[in-house]
Amino acid sequence: MKRFFALLKIEYIYFLVFLMPLVWNPFGLKPYEVAKQGWFLGIMAIFLAIVAVSVLFKKAIVLPKHYGLFTFGALWAASWIFSSVLSIAPVESLWGTYEQMQGTVINIFYALHFLISLYILSLSENRAVFVNAFLNTAVAIGLILSVHAILQRLGFDPLLGAPNAFPGRSFSLMGSPNGLGELLVIPAAAAVVRLVDEWSKNPLFRNKRVIKLWLAAAIVLLLGMGTTLNRASIVGLTIALGAVLAYDSITRQQHHFTSLFRRALPWGVLGIVLLAVATFTLYDLRSLSTRAVLWSQSLPLVAEYPLTGSGPATYYQTFQTVQTKDIFLSERMTDIAQNPHNQLIQILLERGAFGLAVALIPLIFLAWVFFTKRLETLNAKISFVGIAGVTIAVQLGFLLSTHTVFLIALWAVLIGETVEIRRNAFTVKLPVVALTVLLLLSTGLMAFAVGSSRVYGDTLLRRALGVYLSGN
C-alpha cells in the first residue's frame with residue numbers, strides 16, 4: 001500500500017477540476033454555474049481524502065515558505081472576514097446570491113485551490129510536467145468549447161439542442177457569451193504564445209508539424225471567441241499580447257530588421273484581426289450604455305460603505321436604492337443588476353477601500369514581473385498574457401467560478417516561474433498526522449456537502465417550478 005501511494009501521482013487526480021467548463025446539469029434551474037461549482041467542490045473533496053490517506057502513510061507534510069505570500073493571504077482573509085461580518089446581509093454574504101453564489105464560503109475553497117495549485121504547479125518536483133499538462137488541458141478544453149460555439153453559431157447544437165438564448169452569439173456550456181469569451185482568453189493565450197515562439201525559433205518552418213498544430217489551435221480558439229462577440233475579451237487578449245510583444249522586443253534587443261519583423265509579424269496580424277472583430281461588433285452600443293449607467297449610479301454608494309463595503313454578494317441590494325429609470329433604456333424592466341460589470345468597482349462597493357487595496361496587490365505584482373523583466377520563460381509569458389487578458393476583460397464584465405479556478409492556477413504558474421519559493425518538507429509525529437488527516441477529511445466533507453447540496457437543491461427547485469407551472 002505504501003509503495004502504491006509512492007508511485008501514484010495524485011496530482012493528476014486534481015486536474016479533473018479543470019473539466020469544469022464541460023460540466024452542466026440539464027435537470028437544474030441554473031444548469032451551468034451551480035453544476036460547475038458542484039464539480040469543483042466534489043473533485044476537491046475526493047482529492048483531500050486521497051491526500052489525507054497519503055499523509056497517514058508517509059507521515060510527511062510539504063508547505064511553502066514565502067513571507068510575501070503569507071502577508072497577502074492574511075490581508076485577503078481579513079478583508080473577507082471584515083466585509084462579511086459587517087455586511088448589510090451577513091447570511092447572503094456568507095453563501096452568495098442564487099444567481100452566482102460567489103460568497104465567502106466558495107472563496108474559502110478558492111483559497112484552498114490556490115494552495116493546492118501552488119504546490120502542484122510551483123513547488124512539486126515534477127512542476128514542469130504538471131504545468132505543461134495544465135496548459136495543454138486548458139487548450140484542449142478551449143478547443144472543445146470553441147467547436148461547440150461555432151456549431152451553435154451555425155444553428156446546430158448537438159449538446160444542448162435548445163434555441164440559442166442569445167441570438168447571434170454563442171455561449172457553448174458557459175451559460176453566457178461573455179463568460180465563454182473571457183474563459184477562451186486563457187487557452188487562446190497559450191496557443192498563440194506557443195505559436196509565435198515556434199515561429200520565431202523556426203523561421204524557415206523546419207518544424208512545420210508543430211507550427212501547423214498551434215496555428216490550427218489558435219485559429220479555432222479565436223473563431224470560438226469571435227462567435228461570442230464579446231469585445232472585452234478580444235480587447236483584453238489583444239492588449240496583453242501586445243504587451244508581451246513589446247517585452248520581447250525590448251528584452252531581446254533585436255536591432256536586425258529581419259529578425260524583429262519575423263517576431264512582430266504574427267503578433268501584428270493577430271492584433272489587426274482582433275481589433276477588426278472588436279470594431280465590427282461596435283454596432284451594438286447597448287451593453288456600453290448599460291455599463292455607463294451602472295458605473296455612474298454605483299459610485300455614489302462608495303461613501304455609504306467606505307472601508308469594508310456593503311458586504312460580498314450585496315451589490316444588487318444596494319444598487320436598487322440608487323438606480324434610476326435610465327437603466328431601463330437598455331435593459332428589460334424585469335432585470336435586476338447583479339453586479340456593476342466591472343471587477344474593481346464591485347470589489348470597492350462590496351469590500352470597501354480595504355478590499356480594493358488588497359485586490360490591487362496582485363495587479364502590482366503583475367506590473368512588477370513585467371517591468372523587472374522576469375518573464376523569461378515561455379510558461380511565464382503564457383500565464384502573464386492569460387491573467388492580464390482576463391483581468392482587462394472583467395473590467396467590462398465579471399468573474400464566474402470557472403474563470404476564478406483557471407486564473408488561480410495561472411497565478412500559481414506565474415509565481416513558480418518568476419519568484420523563488422522555498423519548499424519545506426518535514427516529517428511529523430503521530431498526533432500532528434492525526435490532526436492533519438482530520439482537518440483534511442473534514443474540509444473535504446464540507447466541500448462535498450456544499451457542492452452536492454447546491455446541485456441537488458437547484459435540481460429540486462426546477463422540478464418544483466415545473467410542477468407548479470403545470471398546475472398539478
**Request:** May I ask you to decide whether E198 forms a salt bridge with R209, counting only side-chain N to carboxylate O separations under 4.0 Å?
**Result:** no

**Prompt:** Short question: side chain of E182, backbone of L399 - any donor-acceptor pair under 3.5 Å?
**Reply:** no

**Prompt:** Can you tell me if N230 and R169 form a side-chain donor-acceptor pair at under 3.5 Å?
**Reply:** no

**Item:** Aromatic plane relationship, F40 with Y110 - under 30° parallel, 30 to 60° tilted, over 60° perpendicular
**Value:** tilted

**Asked** Is any side-chain heavy atom of I141 closer than 4.5 Å to a side-chain heavy atom of L145?
**Response** yes

**Request:** Begin with the C-alpha distance, continue with both residues' side-chain angles, and end with the deciding distance and a verdict on ring pair (Phe, Tyr, Trp, His ring centres under 6.0 Å) for H113 and Y14.
**Result:** CA-CA 10 Å; H113 170 59; Y14 193 69; 5.7 Å; yes

**Chi angles and distances behind the side chain to side chain contact (heavy atoms under 4.5 Å, CB included) call for I106, T404** = CA-CA 11 Å; I106 192 66; T404 304; over 6 Å; no

**Complete:** side chain to side chain contact (heavy atoms under 4.5 Å, CB included) filter on V23, not counting sequence neighbours, yields A35, W39

**Residues which pass side chain to side chain contact (heavy atoms under 4.5 Å, CB included) with T391, listed by chain and number, not counting sequence neighbours** = L363, I387, Q395

**Message:** Run the side chain to side chain contact (heavy atoms under 4.5 Å, CB included) test on L173 and I144 for me, step by step, so that the C-alpha distance in whole Å, both residues' side-chain angles and the decisive distance to 0.1 Å come before the verdict.
**Reply:** CA-CA 10 Å; L173 297 175; I144 294 172; over 6 Å; no

**Request:** Spell out, as yes or no, whether a donor-acceptor pair under 3.5 Å connects the side chain of S122 to the backbone of Y119.
**Result:** no

**Asked** Do I43 and F18 have side chains that get closer than 4.5 Å, going by heavy atoms?
**Response** no

**Request:** Might you work through the side-chain hydrogen bond (donor to acceptor under 3.5 Å, both in side chains) test for S176 and Y32, ending with a clear yes or no?
**Result:** CA-CA 9 Å; S176 73; Y32 303 106; over 6 Å; no

**Request:** Please name all residues satisfying side chain to side chain contact (heavy atoms under 4.5 Å, CB included) with V419, sequence neighbours left out, ordered by chain then number.
**Result:** H66, F365, W368, I415, I421

**Request:** State whether the side chain of T227 and the backbone N or O of G224 hold a donor-acceptor pair below 3.5 Å, judged by distance alone.
**Result:** yes

**Nearest heavy atoms of M225 and S233, plus distance in Å** = CG-OG, 3.8 Å

**Item:** Steps toward side chain to side chain contact (heavy atoms under 4.5 Å, CB included) verdict (Y247, F384)
**Value:** CA-CA 11 Å; Y247 177 91; F384 176 87; over 6 Å; no

**Item:** Any pair counted as salt bridge (charged side-chain N to carboxylate O under 4.0 Å, His left out), so long as it reaches residues 17-35, sequence neighbours left out
**Value:** K30-E99

**Pairing residues for E350 by the salt bridge (Lys or Arg N to Asp or Glu O under 4.0 Å) criterion, not counting sequence neighbours** = none

**Item:** Verdict with supporting geometry, S79 and R351, side-chain hydrogen bond (donor to acceptor under 3.5 Å, both in side chains)
**Value:** CA-CA 7 Å; S79 168; R351 290 164 53 202; 3.2 Å; yes

**Asked** Can you list the residues that meet the side chain to side chain donor-acceptor pair (under 3.5 Å) rule with T71, with sequence neighbours excluded?
**Response** none

**Message:** To the nearest 0.5 Å, what is the distance between NE2 on H403 and CD1 on I186?
**Reply:** 7.5 Å

**Request:** Report the C-alpha distance between K36 and M174 in whole Å, list the side-chain angles of each, state the deciding distance to 0.1 Å, and finish with yes or no for side chain to side chain contact (heavy atoms under 4.5 Å, CB included).
**Result:** CA-CA 9 Å; K36 295 179 193 306; M174 286 300 295; 4.1 Å; yes

**Asked** So, the side chain of R153 versus the backbone of S170: is there a donor-acceptor pair under 3.5 Å, distance only?
**Response** no

**Asked** Do V450 and W95 have side chains that get closer than 4.5 Å, going by heavy atoms?
**Response** yes

